Amino acid sequence: MTDATVSRIKVVRGDITQLDVDAIVNAANESLLGGGGVDGAIHRAAGPGLLAECRAIGGCPTGEARITNGYRLKARHVIHTVGPVYNDGDSDEPKLLKSCYEQSLKLAQHRSLKEVAFPCISTGVFGFPKEEACEIAVTTVLNWLHAHDCPAHVTFCCFSEDDAAIYRTRLIASK
Ligand code: ADP
């Protein structure tokens, strides 16, 4: 992968609800009606307008994505994607996780968004092994950025320092 592509990716440790970007990605569930973890944090920070818009969408299948406004968030939009629950690793989980990243990036491109931030989808309550999920996330995003100008920048927003270290190590290896 070229340095120019890798340099369009940033890793930060922190709370994704605080980021001032065009869109933050939500690790949602199929109902799109909120939940725990990053989903709950995004709904709390965005306020009731987000829940109302999500309710009108009426759900989202695993591996797909939907876009809404950002309401009280600094981020202008929220891209809701539904990661797979990790079962045995042999039930299409890698393919579905890859699809989450691709479908989110596709929506960002469609709206001409410049900067998008992802959490570590599926690696909390949904139980996806962190290193394997990072490998899928980074490979999928690098391939997308290599082939497309939009979005110009992608941030991986890791809630823990351990996650941020996994992402930084993976990105250094791709240079
Ligand atoms: P999933 O159900 O997809 O596993 P979770 O929300 O349980 O979703 O976890 C996904 C990731 O989001 C985990 O790495 C978790 O630490 C992280 N996370 C939780 N809250 C936040 C937040 N406010 N900002 C960024 N990441 C968060």
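Please read these numbers as outputs of a predicted model, since none were measured by experiment. The residues of the chain are indexed from 1 along the displayed sequence. Order of listing sets the numbers, starting from 1, for every ligand and every atom in it. Scope of the values below: all heavy atoms of this structure, side chains included, with no hydrogens, waters or symmetry mates.
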Colleague: Which protein heavy atom lies closest to atom 6 (O) of ligand 1, and at what distance to 0.1 Å?
Modeller: Val38 N, 2.8 Å
Colleague: Looking only at protein heavy atoms, which one is nearest to atom 14 (O) of ligand 1, and how far off is it?
Modeller: Thr123 OG1, 3.2 Å
Colleague: Measure the distance from atom 23 (N) of ligand 1 to every protein heavy atom, then report the residue, atom name and distance (to 0.1 Å) of the closest one.
Modeller: Asp15 OD1, 2.8 Å
Colleague: Looking at Gly14, which atoms of ligand 1 are within less than 4.0 Å of one of its heavy atoms?
Modeller: 24 (N), 25 (C)
Colleague: If you have a sec, work out which protein heavy atom is nearest atom 4 (O) of ligand 1 and how many Å separate them, to one decimal?
Modeller: Gly124 N, 2.8 Å
Colleague: Applying side chain to side chain contact (heavy atoms under 4.5 Å, CB included) between Glu115 and each of Val21, Asp20, Ile24, Leu19, report the one that passes.
Modeller: Val21
Colleague: Among protein heavy atoms, which lies nearest atom 10 (C) of ligand 1, and at what distance?
Modeller: Cys120 O, 3.3 Å
Colleague: Indicate yes or no for a side-chain donor-acceptor contact from Arg8 to the backbone of Pro151 under 3.5 Å, with no hydrogens or angles considered.
Modeller: yes
Colleague: Of all the non-hydrogen atoms in the protein, which one sits nearest to atom 24 (N) of ligand 1, and at what distance?
Modeller: Ile16 N, 2.9 Å
Colleague: Measure the distance from atom 7 (O) of ligand 1 to every protein heavy atom, then report the residue, atom name and distance (to 0.1 Å) of the closest one.
Modeller: Val125 N, 2.9 Å
Colleague: Could you pull out, from Ala27, Gly40, Pro84, the option with a heavy atom nearest to atom 8 (O) of ligand 1?
Modeller: Ala27
Colleague: Check for me whether Cys158 has a heavy atom closer than 4.0 Å to any atom of ligand 1.
Modeller: no
Colleague: Looking at Gly63, is its backbone amide N or carbonyl O close enough to the side chain of Gln103 to form a donor-acceptor pair, meaning the two atoms are under 3.5 Å apart?
Modeller: no
Colleague: Answer yes or no: are there more than 12 heavy-atom neighbours, outside His148 itself, under 6.0 Å from its atom NE2?
Modeller: yes
Colleague: Out of Phe126, Phe159, Phe128, Phe156, whose heavy atom is nearest to atom 2 (O) of ligand 1?
Modeller: Phe126
Colleague: Out of the candidates Phe156, Phe118, Phe159, only one should pair with Tyr167 under the ring pair (Phe, Tyr, Trp, His ring centres under 6.0 Å) rule; please name it.
Modeller: Phe156
Colleague: Listed by chain and number, what are the side chain to side chain donor-acceptor pair (under 3.5 Å) partners of Arg170, not counting sequence neighbours?
Modeller: Glu135, Thr139
Colleague: Strictly below 4.0 Å, N to O, side chains only: are Arg168 and Glu161 in salt-bridge contact?
Modeller: yes
Colleague: Using heavy atoms and a 4.0 Å limit, tell me yes or no: is Ser122 in contact with ligand 1?
Modeller: yes
Colleague: With no hydrogens and no angle check, is any side-chain donor or acceptor of Thr5 less than 3.5 Å from a backbone partner on Leu145?
Modeller: no
Colleague: Counting only heavy atoms, which portion of Asp163 has something under 4.0 Å from ligand 1: side chain, backbone, both, or neither?
Modeller: side chain
Colleague: Output every pair passing salt bridge (Lys or Arg N to Asp or Glu O under 4.0 Å) with a member in residues 23-50, not counting sequence neighbours, ordered by first then second residue.
Modeller: none
